[in-house]
Amino acid sequence: MATRRAVHRAAAAASVDSLRRFCSSTAPAAAAATRHRQPPQDHEFLSPSPYVGSWETPKDPKEAEAKLVGLRREYAKQVKELRKEYIREVELMRLEQQRKDEAKREAIRVAREERNKVKAAEAKVRAEERMVAEEEFRQMLMKERTEKLENWRMKEKSREDKKKEARELLRRKSSVWVDEAELEKKVLEAIVDTTTL
């Protein structure tokens, strides 16, 4: 039972170990690729320092200490100058980047203004076309309304004419009509007096 556990632990450790190697095998290569980049072509390297390899051991320790203090002081001055130069270069690079960013923003602003002008012109053209279409539609509606009104007037006139004709016909017919009170008298007269019409 103990051997089974030991074998199982060893197998698990081996699989974890191989998984770690597999996962980390690509990461260091990628990190090394980014870490060991070549400098740009226009990069200027500093000249070799005259202090490297210039130390000659003096016989007196005090002289060696004084020489070492002088070297350290010179080295501190050089580092200070290099830092000033680095700060100046970084500031120049920042200003250059800021100028580029400003130029880019200006180009984007100009392009946006141009797009807005084009959009405004297109919107104006569309508005004019819409107004022309609305005016044509309004004219067409007015024409239809006038036609309908004219048609309605003609129908009303025709209806009035028919009413007048019906009234006239009724008036003519009613002039021939006889009251009931006189109906017997008229019938008697017609029977007695037979005149041909």
Side-chain angles (χ1 to χ4, degrees), residues 19-20 22-44 83-197:
L19 183 63
R20 279 188 189 149
F22 174 73
C23 291
S24 62
S25 63
T26 56
T34 58
R35 210 170 31 237
H36 299 295
R37 284 193 208 136
Q38 294 295 326
Q41 297 295 330
D42 60 344
H43 184 76
E44 294 179 11
R83 283 184 178 153
K84 284 181 184 176
E85 184 64 31
Y86 175 75
I87 290 170
R88 198 171 22 249
E89 285 180 10
V90 167
E91 184 64 23
L92 286 173
M93 286 171 55
R94 188 186 65 77
L95 289 173
E96 181 66 23
Q97 186 64 37
Q98 188 177 6
R99 188 188 60 77
K100 284 180 183 176
D101 290 345
E102 188 64 34
K104 194 175 185 180
R105 278 194 296 270
E106 183 66 22
I108 289 171
R109 186 187 63 78
V110 168
R112 188 181 303 125
E113 284 180 357
E114 287 298 319
R115 277 196 312 271
N116 289 344
K117 283 180 185 176
V118 168
K119 282 183 183 177
E122 288 175 355
K124 189 176 180 182
V125 167
R126 282 196 304 270
E128 288 175 356
E129 289 173 355
R130 191 168 42 249
M131 284 175 58
V132 167
E134 285 176 359
E135 186 61 33
E136 288 175 359
F137 183 68
R138 201 175 294 116
Q139 292 293 332
M140 186 180 69
L141 281 179
M142 290 300 290
K143 185 178 177 183
E144 284 182 2
R145 283 180 186 165
T146 54
E147 287 175 358
K148 284 182 181 178
L149 185 64
E150 190 65 33
N151 191 12
W152 177 78
R153 282 182 183 156
M154 286 174 57
K155 284 181 181 176
E156 283 294 315
K157 189 177 179 185
S158 142
R159 203 174 291 125
E160 287 293 323
D161 288 346
K162 283 182 182 177
K163 280 184 182 178
K164 279 182 184 178
E165 286 177 9
R167 268 191 249 124
E168 183 64 30
L169 183 64
L170 186 65
R171 190 184 61 77
R172 272 191 260 134
K173 283 183 180 178
S174 68
S175 66
V176 178
W177 286 357
V178 178
D179 265 344
E180 285 184 30
E182 294 183 10
L183 185 62
E184 282 185 33
K185 186 179 170 185
K186 286 282 186 186
V187 169
L188 190 60
E189 278 181 15
I191 292 174
V192 173
D193 188 22
T194 55
T195 52
T196 56
L197 296 174

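Sequence positions, counted from 1, serve as the residue numbers for this chain. FYI, side chains are in, hydrogens and waters are out, and symmetry mates aren't considered; it's all heavy atoms of this structure. Values in this document were obtained by computation on a predicted structure and should not be read as measured data.
The OG1 atom of Thr146 sits 8.0 Å away from atom CD of Glu150, with the distance rounded to the nearest 0.5 Å. The line from CG of Leu141 to CD of Glu134 is 11.5 Å long, rounded to the nearest 0.5 Å. In this structure, CZ in Arg159 is found 8.5 Å from CH2 in Trp152, a value given to the nearest 0.5 Å. Put simply, CG on Asn116 and CZ on Arg109 are 11.0 Å apart, with the number rounded to the nearest 0.5 Å. Between atom CZ of residue Arg138 and atom CE of residue Met142 there is a gap of 10.0 Å, rounded to the nearest 0.5 Å. Expressed to the nearest 0.5 Å, how far CD of Glu106 lies from CD of Glu113 amounts to 7.5 Å.
Inspection of the Gln139 and Glu135 side chains reveals an N or O donor paired with an N or O acceptor under 3.5 Å. With hydrogens and angles left out, the side-chain atoms of Asn151 and Glu147 include no donor and acceptor closer than 3.5 Å.
Between Glu91 and Arg94, at least one side-chain N (NZ, or NE/NH1/NH2) sits under 4.0 Å from a carboxylate O, which counts as a salt bridge. Glu122 and Lys119 are not joined by a salt bridge, as no carboxylate oxygen comes within less than 4.0 angstrom of a charged side-chain nitrogen. Between Glu96 and Arg99 there is a salt bridge, since at least one side-chain N of the basic residue sits less than 4.0 Å from a carboxylate O of the acidic one.
Of the options Lys162, Glu156, Glu160, a side chain to side chain contact (heavy atoms under 4.5 Å, CB included) to Ser158 is made by Lys162 and by none of the others. Considering Lys100, Arg105, Lys104 as possible partners of Glu102, the one that fulfils the salt bridge (charged side-chain N to carboxylate O under 4.0 Å, His left out) test is Arg105.
A 6.0 Å sphere centred on CE of Met140 holds more than 12 heavy atoms belonging to other residues, nucleotides or ligands.
Looking at Lys117 and Glu114, their side chains come closer than 4.5 Å, going by heavy atoms from C-beta outward.
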